[in-house]
Amino acid sequence: MNKETFYITTPIYYPSSKLHIGHTYTTVAADVLARIKRAQGYDVMFLTGTDEHGEKILNVAKDKGLEPKVYLDQIVSEIKELWEKMEISYDHFIRTTDDYHEKSVQEIFMKLYEKGDIYKGEYEGLYCTPCESFWTETQLADGKCPDCGRDVQKTKEETYFFRLSKYQDRLLDLLENTDFLQPKSRVNEMVNNFIKQGLDDLSISRTSFDWGIPVPIDEGHVIYVWLDALSNYITALDYPDDKEGKYKKYWPADVHLVGKEIVRFHTIIWPAILMALDEPVPKKVFGHGWILLDGGKMSKSKGNIVDPVILIERYGVDAIKYFLMREYSFGQDGLFTNEVLLNRLNSDLANDLGNLVSRTIAMIHKYNDGVIIKSEFESEFDQSLIDLAIGTRVLVEKRVDNLDFSNALEEIWKFVRRTNKYIDETSPWILAKDETKKDELDNVLYNLSESIRIIAALISPFLPHTSTKILDAFGAEESLRLWNSSSEYGLTKDNTKVEKIAVLFPRIDVAEEIEYLGSLGEKPEEKMVFKEEISIDDFAKMDLRVADIVSVEKHPKADRLLVLQLKVGNEKRQVVSGIAEHFKIEELIGEKVVLVANLKPVKLRGVLSQGMILAACDDKDLKLVTVDFESGTPIS
Ligand code: MSP
């Protein structure tokens with residue numbers, strides 16, 4: 001029997017800079033969903049990739065002095081490395097510069113053209129290059145791009161148009177009367193701000209640059225990036241040729257995961273293109289929220305990005321995946337701070353899960369020589385634990401089907417906390433003191449082991465490593481690791497051996513760690529530059545003396561200079577010094593300063609200067625070097 005299919009996609013990312021934790025967020029969510037669906041027995045197709053055409057990419061490559069493809073190959077391989085580090089289980093990675101994609105996009109263009117849904121005209125309007133988006137005057141926010149807040153350019157060029165307006169009514173119906181766009185709260189914006197304002201036909205070709213897929217019938221035009229990019233979801237399945245039947249098998253997609261700012265493209269332009277192609281629209285588009293830093297959305301141009309590689313190297317992939325999926329409600333925005341991250345790791349992973357596992361393993365070794373023993377005993381606390389053990393899987397599945405990853409994990413953690421509570425309720429350390437209660441103790445340790453096995457199976461799509469470590473430690477056979485076995489109680493066999501393991505998630509000292517993370521952002525200290533080396537003999541040539549400042553006058557010709565009268569032992573000296581802006585005259589009188597006494601006399605703006613006095617100064621401040629010693633005393 002053919003398995004039911006499940007097709008899930010991430011947006012294809014712009015390789016205009018390194019990806020940050022925000023991009024990682026979407027991809028991790030898609031990965032978790034793909035893993036759960038596979039575990040549930042679906043034939044999953046999980047697609048991700050990169051969106052490589054357009055003016056923005058061209059400009060980035062130009063700035064680096066590279067051919068676009070050379071630049072792209074480099075950064076795309078970094079993106080793939082990141083996904084490898086994050087253990088993203090994608091089935092296919094599409095690049096919009098792949099030959100098969102370019103060819104298919106041209107075929108899509110021609111299908112639409114031949115149908116009469118693409119026509120040639122002239123475009124006049126406002127264009128935001130970084131967002132590759134067209135705007136009307138009324139859509140601007142304070143005259144700027146409503147998405148990124150940057151300037152838009154007036155553009156006038158010959159262009160091909162897609163008859164978006166023709167699909168207005170069908171789009172309205174799709175958005176208002178089906179579950180196509182999730183969460184529901186995003187529907188209003190699309191309907192009121194875009195569709196009901198009246199949809200204009202969409203300019204889908206550009207002539208002002210050439211980094212794109214050529215319009216097959218018109219050399220000077222390249223296809224607008226969004227038509228190129230959105231088509232990836234079907235070209236990756238070999239549409240329109242479909243030689244291997246992939247398109248037939250997986251399309252329509254079960255869900256496109258996208259960030260909220262690109263919901264518009266996915267729920268208006270994309271379904272309209274598919275309608276024009278007479279193809280089914282995706283079953284669901286989910287618009288998730290943004291991870292924000294203090295100053296707003298993360299972006300390289302704002303300089304506020306969080307590097308996922310630093311985080312996974314320090315805390316581990318599982319911990320970061322857990323944090324992303326648990327901390328933020330998928331549909332809403334959420335704030336990232338180091339403190340939020342560290343507290344979450346401590347409370348849920350180190351305390352709740354880590355302690356449960358380490359306490360249980362320690363007790364099985366201490367009281368039962370590392371062996372789980374099945375017992376006939378039943379305690380009054382067992383049933384509520386077992387009910388939760390059996391019931392949690394379905395609750396998790398329901399949450400995941402609604403893309404509510406945070407509450408899916410919360411369902412599992414309710415069970416983790418319940419299991420911890422079971423230890424307190426049954427107090428195995430007390431049972432262990434009484435030989436007659438051996439059966440009762442075995443029962444407690446069995447229930448703990450079986451609950452932990454179920455927890456480990458349930459977390460496997462979210463924290464694959466941790467799951468495997470725990471299941472290995474508890475000697476779980478393959479059949480006891482399956483997703484479905486996570487709702488079957490009592491599978492662990494009598495006499496199963498339990499291995500000791502290292503601490504799963506060490507507790508983090510939050511204050512210390514925040515200081516450490518803060519220091520990562522600091523610039524490395526600049527190396528001090530010293531003057532050329534001199535020998536001790538060179539230095540010995542200097543005659544430094546303590547000198548008393550007796551009187552001070554302004555230099556008659558230069559505001560910056562003061563003329564100081566000094567007493568050096570029995571001698572008098574006159575020194576011109578450039579310190580006028582730092583001192584009032586009366587502050588200087590009586591100071592005991594250091595004089596370079598054997599400096600060759602010079603005239604400074606006509607006034608004789610017999611030596612110089614020493615001072616320390618930085619950009620802002622200047623202080624005289626003073627020595628509280630008899631005037632005339634030599635310094636060496
Ligand atoms: N190339 C287009 C997508 C084309 S899909 C046919 C694009 N690329 S992007 O690299 O700019 O963004 C990709 C995704 O990353 C978007 O869904 C965006 O919302 C998401 N994120 C970027 N920064 C983010 C956060 N700070 N938080 C959460 N998601 C964020 O748009």
Side-chain angles (χ1 to χ4, degrees), residues 8-30 47-57 60 72 75-76 78-79 82-83 88 93-97 101 105 108 128-133 145 147-148 150 186 212-213 223-236 253 255-271 273-274 282 285-308 311 323-325 327-337 403 405:
I8 172 172
T9 67
T10 71
I12 47 173
Y13 300 98
Y14 286 130
S16 49
S17 58
K18 265 173 72 172
L19 300 189
H20 55 63
I21 197 86
H23 306 109
T24 305
Y25 180 53
T26 325
T27 313
V28 167
L47 176 72
T48 190
T50 41
D51 185 359
E52 305 188 11
H53 291 124
E55 204 172 357
K56 184 161 84 172
I57 300 286
V60 174
L72 285 164
I75 189 150
V76 169
E78 282 173 31
I79 291 174
L82 172 64
W83 295 153
I88 301 299
F93 189 103
I94 187 167
R95 299 181 58 175
T96 54
T97 51
H101 171 80
V105 169
I108 290 170
C128 174
T129 307
C131 294
E132 312 271 16
S133 307
C145 168
D147 271 355
C148 73
R150 279 176 275 212
R186 301 214 184 275
I213 302 175
I223 295 172
Y224 173 50
V225 275
W226 275 99
L227 173 59
D228 168 358
L230 290 162
S231 301
N232 93 89
Y233 300 130
I234 54 176
T235 64
V255 59
H256 291 319
L257 296 187
V258 300
K260 62 179 186 178
E261 84 286 14
I262 57 172
V263 162
R264 182 166 74 95
F265 299 96
H266 284 83
T267 59
I268 297 177
I269 299 177
W270 181 225
I273 292 170
L274 289 163
V285 173
F286 192 97
H288 66 73
W290 284 344
I291 297 183
L292 305 169
L293 293 182
D294 270 350
K297 194 186 168 208
M298 267 170 235
S299 85
K300 193 154 182 234
S301 54
K302 286 190 195 158
N304 58 0
I305 52 171
V306 175
D307 185 345
L311 295 180
F323 167 73
L324 289 173
M325 292 296 96
E327 188 63 41
Y328 305 103
S329 274
F330 199 49
Q332 289 159 25
D333 291 352
L335 193 68
F336 177 91
T337 68
L403 299 168
F405 300 103

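In each ligand, atom 1 is the first atom listed, and ligand 1 is the first ligand listed. Numbering of residues begins at 1 and proceeds along the displayed sequence. Side-chain atoms are counted along with the backbone in the values below, which use heavy atoms only and exclude waters and symmetry mates.
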**Backbone of His23 reached by a side-chain donor or acceptor of Tyr13 within 3.5 Å** = yes
**Message:** I'd like to check which ligand 1 atoms, numbered from 1 as shown, lie under 4.0 Å from a non-hydrogen atom of His266.
**Reply:** 5 (S), 6 (C)
**Item:** side chain to side chain contact (heavy atoms under 4.5 Å, CB included) assessment of Gln332 paired with Trp290
**Value:** CA-CA 7 Å; Gln332 289 159 25; Trp290 284 344; over 6 Å; no
**Residue Tyr233 vicinity, atoms of ligand 1 by number, heavy atom under 4.0 Å** = 5 (S), 6 (C)
**Asked** Does Tyr328 use its side chain to pair, donor to acceptor, with the backbone of Leu335 at less than 3.5 Å?
**Response** yes
**Message:** Suppose I only count heavy atoms of His288 and a 4.0 Å limit; which atoms of ligand 1 are within that range?
**Reply:** 28 (C), 29 (N)
**Message:** Given 3.5 Å as the limit, does a donor-acceptor pair link the side chain of Thr96 with the main chain of Ala229, or not?
**Reply:** no
**Prompt:** Does the N or O separation between Tyr14 and ligand 1 drop below 3.5 Å for any pair?
**Reply:** yes
**Prompt:** Is there a heavy atom in Trp270 that sits closer than 4.0 Å to ligand 1?
**Reply:** no
**Item:** Side-chain donor-acceptor pair present, His256, Thr9, cut-off under 3.5 Å
**Value:** yes
**Heavy-atom side-chain proximity of Trp226 to His266 below 4.5 angstrom** = yes
**Complete:** Filtering Leu324, Ile12, Thr9, Val306 for the heavy atom nearest atom 2 (C) of ligand 1 leaves Ile12
**Message:** Would Gly289 count as a polar contact of ligand 1, with the cut-off being nitrogen or oxygen pairs under 3.5 Å?
**Reply:** no
**Message:** Under a 4.0 angstrom heavy-atom cut-off, which atoms of ligand 1 come close to Ala229?
**Reply:** 6 (C)
**Prompt:** Which of the atoms of ligand 1 are close to Asp51, meaning less than 4.0 Å from one of its heavy atoms?
**Reply:** 1 (N), 2 (C), 4 (C)
**Item:** Numbering as shown, the atoms of ligand 1 that approach His23 to under 4.0 Å (heavy-atom distance)
**Value:** 10 (O), 15 (O), 22 (C)
**Message:** Does only the side chain of Trp226 get under 4.0 Å from ligand 1, or the backbone, or both, or neither? Count heavy atoms.
**Reply:** side chain
**Fill in**
Per-atom filter on ligand 1: closer than 4.0 angstrom to a heavy atom of Glu261 are 16 (C), 18 (C), 19 (O)
**Request:** Assign the ring pair Phe405 / Phe330 to parallel, tilted or perpendicular, where the plane angle (0 to 90°) is split at 30° and 60°.
**Result:** perpendicular
**Prompt:** Quick check: does Val258 get an N/O under 3.5 Å from an N/O on ligand 1?
**Reply:** no
**Prompt:** Are the side chains of Asp307 and Lys18 in touch, meaning some heavy atoms are under 4.5 Å apart?
**Reply:** yes
**Message:** Is it the case that the side chain of Arg186 and the backbone of Gly287 share a donor-acceptor pair, with hydrogens and angles ignored and the cut-off at 3.5 Å?
**Reply:** yes
